[in-house]
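Computed over heavy atoms, backbone and side chain alike; hydrogens, waters and symmetry mates excluded.
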Amino acid sequence: MTASSSPAAPSDAPAPSAPPARPVSAAPARAIRRVGLVGWGAIGRVVGRSLAEGDLPGAELTRIVDNRPLGDVPAPQCGVEEALDSCDLIVEAAGQAVIREWGTRVLASGADLLITSTGALTDPDLTRRLLDAGPGRVYFTGGAVGGLDLLQAVRALGPLDEVRLTTTKLPGTLEQPWMDAELLHRMRTATGPVEVMRGTAREVPAKFPRSTNVAASVALAVGDPDRVAVSVVADPAATLTRHVIEARGAMGDYRFDVRHRPDPHNPATSQVVPHAVLRSLAALTGRTGQIL
């Protein structure tokens with residue numbers, strides 16, 4: 001026997017209604033970062049003009065600090081103290097001496113500090129004071145090299161057994177007051193690569209305060225400046241500045257080889273550096289789509 005059922009009679013009851021749509025609330029507006037830029041040189045000019053032209057939503061150039069009269073610049077020029085009254089983010093693009101003199105005072109004022117002259121951080125006492133200071137926060141830009149985020153991640157797995165950095169630049173960009181006549185002659189008459197100095201990432205940036213911030217940046221990523229072996233090479237054929245980072249440990253082997261065009265106004269730095277600073281600023285201001 002097959003069971004059958006009669007079709008149900010149509011119901012006059014209304015069809016259930018869809019649940020009401022949830023109201024879409026606008027995301028809260030982020031506060032605009034008021035940027036004080038210390039230094040109006042090869043790095044500062046590019047960063048400052050980009051901020052002034054509105055290229056970085058979420059940040060505005062509020063003050064410029066430089067010890068020279070600058071004339072026509074896109075924001076009022078003032079001293080550091082006045083900048084701290086007007087700004088909540090200070091960008092250092094003027095050299096290691098600024099960090100030593102003003103770093104902790106900037107952070108104590110409540111302003112955040114973005115450092116480009118990372119060579120200052122090879123001084124362990126200064127580094128400790130900066131990291132302990134506040135309520136402002138201190139940040140470091142990677143500058144002319146990549147791979148630092150990966151090295152920092154690898155560091156969490158354990159110490160690296162070996163880290164080497166070789167930096168090659170034009171001889172004229174590496175000349176320093178401490179060099180003797182013999183070394184200067186070798187550099188000036190070189191027809192090929194000449195090793196100028198070999199040491200650790202603690203030693204080298206102190207000898208080349210405007211040319212080897214990369215060594216200090218690698219040391220920050222690795223967590224130990226004494227673990228990073230650095231070779232500084234002068235090469236008259238180095239039309240591109242070159243940084244080779246090699247690291248090795250139980251978790252893997254790593255090699256990063258970058259070559260940059262030097263800045264035409266200051267060959268000691270690479271053209272890419274101010275754009276690395278702008279990328280760091282974009283991350284600090286919460287720009288969406290950033291690779292972190």
Residues Glu60, Arg33: salt bridge by 4.0 Å N-O rule: no
Steps toward side chain to side chain donor-acceptor pair (under 3.5 Å) verdict (Ser211, Thr173): CA-CA 7 Å; Ser211 300; Thr173 67; 5.3 Å; no
Exam field: side chain Arg210 to backbone Ala268, donor-acceptor pair closer than 3.5 Å: no
Derivation and outcome, salt bridge (Lys or Arg N to Asp or Glu O under 4.0 Å), residues Arg248 and Asp253: CA-CA 4 Å; Arg248 182 172 295 107; Asp253 295 345; 3.7 Å; yes
Straight-line distance of Ser270 OG to Arg242 CZ, nearest 0.5 Å: 13.5 Å
Heavy-atom side-chain contact between Val204 and Met197 under 4.5 Å: yes
Note, Lys207 side chain near Gln176 side chain (heavy atom, < 4.5 Å): no
Side-chain heavy-atom pair Trp40, Val73 within 4.5 angstrom cut-off: yes
Ser86 versus Thr62, side-chain donor and acceptor atoms under 3.5 Å: no
Other residues, nucleotides, ligands: >12 heavy atoms within 6.0 Å of Arg198 CZ: no
Inter-residue atom distance Met179.CE - Phe208.CZ, 0.5 Å rounding: 4.0 Å
Exceeds 12 heavy-atom contacts within 6.0 angstrom, atom CZ of Arg227: yes
Pro124 side chain near Arg202 side chain, heavy-atom distance below 4.5 Å: yes
Gln96 and Ser117 side chains, donor-acceptor separation under 3.5 Å: no
Pairwise side-chain contact, Val196 with Leu183, heavy-atom cut-off 4.5 Å (strictly under): yes
From Thr239 atom OG1 to Lys169 atom NZ, the distance as rounded to the nearest 0.5 Å: 14.0 Å
Check ion pair Asp112-Arg137 (N to O, under 4.0 angstrom): yes
Listed partners of Asp132 passing side chain to side chain contact (heavy atoms under 4.5 Å, CB included), at least two apart: Arg128
Salt-bridge criterion met for Arg255 and Asp257 (N-O under 4.0 Å): yes
Reported CD1-to-CG distance for the pair Ile43 and Asp263, which is rounded to 0.5 angstrom: 8.5 Å
Flag side-chain contact, heavy atom, 4.5 Å: Val258 against His260: yes
